[in-house]
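Reading through the structure tokens given below for one structure.
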Amino acid sequence: MKMIPYSTQDINEADIRAVAAVLRSGWLTQGPALERFEKAIAKKVGAKFAASFNSGTAALHAAYFAAGVGKGDEVIVPALTFAATANAALYLGAKPVFADSDMHTGTMSVSDARRKITKRTKAIVPVDYAGCPAALSEFHTLAKKRRLVFIEDAAQALGATYRGRPVGTQADMTMFSFHPVKSITTGEGGVIVTDNEDYARAMRLFRSHGISKDATTFARKNHGAWYQEMQALGFNYRMPEMSAALGESQLKRLDTFITKRRAAAKRYDRLFKNVPGLILPPPERIHEKSAWHLYPVRLAPRIAHKRDEVFAKLREAGIGVQVHHVPVHLHVFYEKLGYKKGLCPNAEAFVASEISIPLFPNITLKQQQFIANTLKRILAPT
Ligand SMILES: Cc1ncc(COP(=O)(O)O)c(C=O)c1O
């Protein structure tokens, strides 16, 4: 039996034609497709600028760089996220400081984040866990008051809305990932959207070795037309044209993808209604719509110790479940840095009881019924 994946991309003939057209055009990197894709994604979320990268992780690295994060600084990130949110602080010699989770949504707790601010804190980075927007308005106010750069890790949340507006303009910089399981894909890729031109300029420099070709920015004058100036230590984080063309084509279907994800999530809500011991993701509020990246269910505290057993039985039944995520401070690497269990008890308890069941735009009713029936059978008292 073929495993039902926890997520998968939706590629159609138009996507394939768009990529093939780039391959035939002879222009494989830093060309017109990239420019079009960046314009389209900025427009879609209502931001002024978009800087694309060859991964969401590279995008976060660039955003932290643009924010001025460096040695001795602290960056507040949730414990409940993918490691990249914290790793990007380490890349720049800064220290990730982990804040605990809101048990309802799984997003970063505003009060715990507030408590963790020190005079070394440079940036605060809430994550839209499972596609559900974090408390963006509260984080915005907090960041303004404490003069922090507000970076939103919306890797999982392209297509979500917050207080009626697309996620993408609430923070100083917002990251979307285009990994295949995300709202849209470019194979690998990511973007930062921002209204701040200085940040956009710094990120573009950073993604291309820190080398500028724009003579108006040069410190050294009187050079030949061949001259390029390295002004910072950057990387090669550029997105290829094939990816940008795929992203541009996929973006046209973003609304359809999210509508289908939402419909599938609502179907799970109905299928799992009143199952004893099962905690469902919180219902959407009117003005805050999730991108439904994941459908994370949790086992009630009295049966949470059975999570691994339930997980194994679902996998045995051909259901590609996952757990999101290993709390970052509990990764072996982070434990070696001195972070300890107990640092973020809510995040630890949340993850210890969590299972992400399959959710993707083209999941069928039959697959969902099979998943629901299997999980209900596993949870039924014997
Ligand atoms: C919350 C979060 N942050 C960062 C990333 C990193 O993005 P990417 O895989 O595009 O590098 C991901 C995705 O894997 C993620 O889910």
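When a ligand or atom number is given, it counts from 1 through the structure's own listing order. Computation of the quantities below employed the complete heavy-atom set of this structure, encompassing side-chain atoms and omitting hydrogens, waters and symmetry-equivalent molecules.
Contact check for R302 versus P276: side-chain heavy atoms found under the 4.5 Å cut-off.
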Can you give me every donor-acceptor pair (side chain of residues 25-41, partner residue at least two apart or in another chain, under 3.5 Å) with its distance?
residue: S25; atom: OG; partner: V22; partner atom: O; Å: 2.7
residue: S25; atom: OG; partner: W27; partner atom: N; Å: 3.1
residue: W27; atom: NE1; partner: T29; partner atom: O; Å: 3.0
residue: R36; atom: NE; partner: E248; partner atom: OE1; Å: 3.1
residue: R36; atom: NE; partner: E248; partner atom: OE2; Å: 3.0
residue: R36; atom: NH2; partner: E248; partner atom: OE1; Å: 3.2
residue: E38; atom: OE1; partner: R204; partner atom: NH2; Å: 3.4
residue: E38; atom: OE2; partner: S52; partner atom: N; Å: 2.8
residue: E38; atom: OE2; partner: S52; partner atom: OG; Å: 2.7
residue: E38; atom: OE2; partner: R207; partner atom: NH1; Å: 2.9

Using residues 89-98 as the side-chain source, report each donor-acceptor pair under 3.5 Å to any protein atom, sequence neighbours left out, with the distance given to one decimal.
none

Which donor-acceptor pairs under 3.5 Å do side chains of residues 348-361 form with protein atoms, sequence neighbours excluded?
residue: E348; atom: OE1; partner: G342; partner atom: N; Å: 3.0
residue: E348; atom: OE2; partner: H329; partner atom: NE2; Å: 2.7
residue: E348; atom: OE2; partner: G342; partner atom: N; Å: 2.8
residue: E348; atom: OE2; partner: L343; partner atom: N; Å: 3.4
residue: E348; atom: OE2; partner: C344; partner atom: N; Å: 3.4
residue: S353; atom: OG; partner: A349; partner atom: O; Å: 3.2
residue: S353; atom: OG; partner: F350; partner atom: O; Å: 3.0
residue: E354; atom: OE1; partner: H324; partner atom: N; Å: 2.9
residue: E354; atom: OE2; partner: Y129; partner atom: OH; Å: 3.4
residue: E354; atom: OE2; partner: S356; partner atom: N; Å: 3.4
residue: E354; atom: OE2; partner: S356; partner atom: OG; Å: 2.7
residue: S356; atom: OG; partner: H324; partner atom: ND1; Å: 2.7

Could you pull out the N/O contacts under 3.5 angstrom between ligand 1 and the surrounding protein atoms?
residue: ligand 1; atom: 3 (N); partner: D153; partner atom: OD1; Å: 3.3
residue: ligand 1; atom: 3 (N); partner: D153; partner atom: OD2; Å: 2.7
residue: ligand 1; atom: 10 (O); partner: G56; partner atom: N; Å: 2.8
residue: ligand 1; atom: 10 (O); partner: S177; partner atom: OG; Å: 2.8
residue: ligand 1; atom: 11 (O); partner: G56; partner atom: N; Å: 3.3
residue: ligand 1; atom: 11 (O); partner: T57; partner atom: N; Å: 2.9
residue: ligand 1; atom: 11 (O); partner: T57; partner atom: OG1; Å: 2.5
residue: ligand 1; atom: 14 (O); partner: K182; partner atom: NZ; Å: 3.0
residue: ligand 1; atom: 16 (O); partner: Q156; partner atom: NE2; Å: 2.9

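A donor-acceptor contact shorter than 3.5 Å is absent between the side chain of T81 and the backbone of P78.
Using cut-offs of 30° and 60° on the angle between ring planes, the pair F150 and F139 is tilted.
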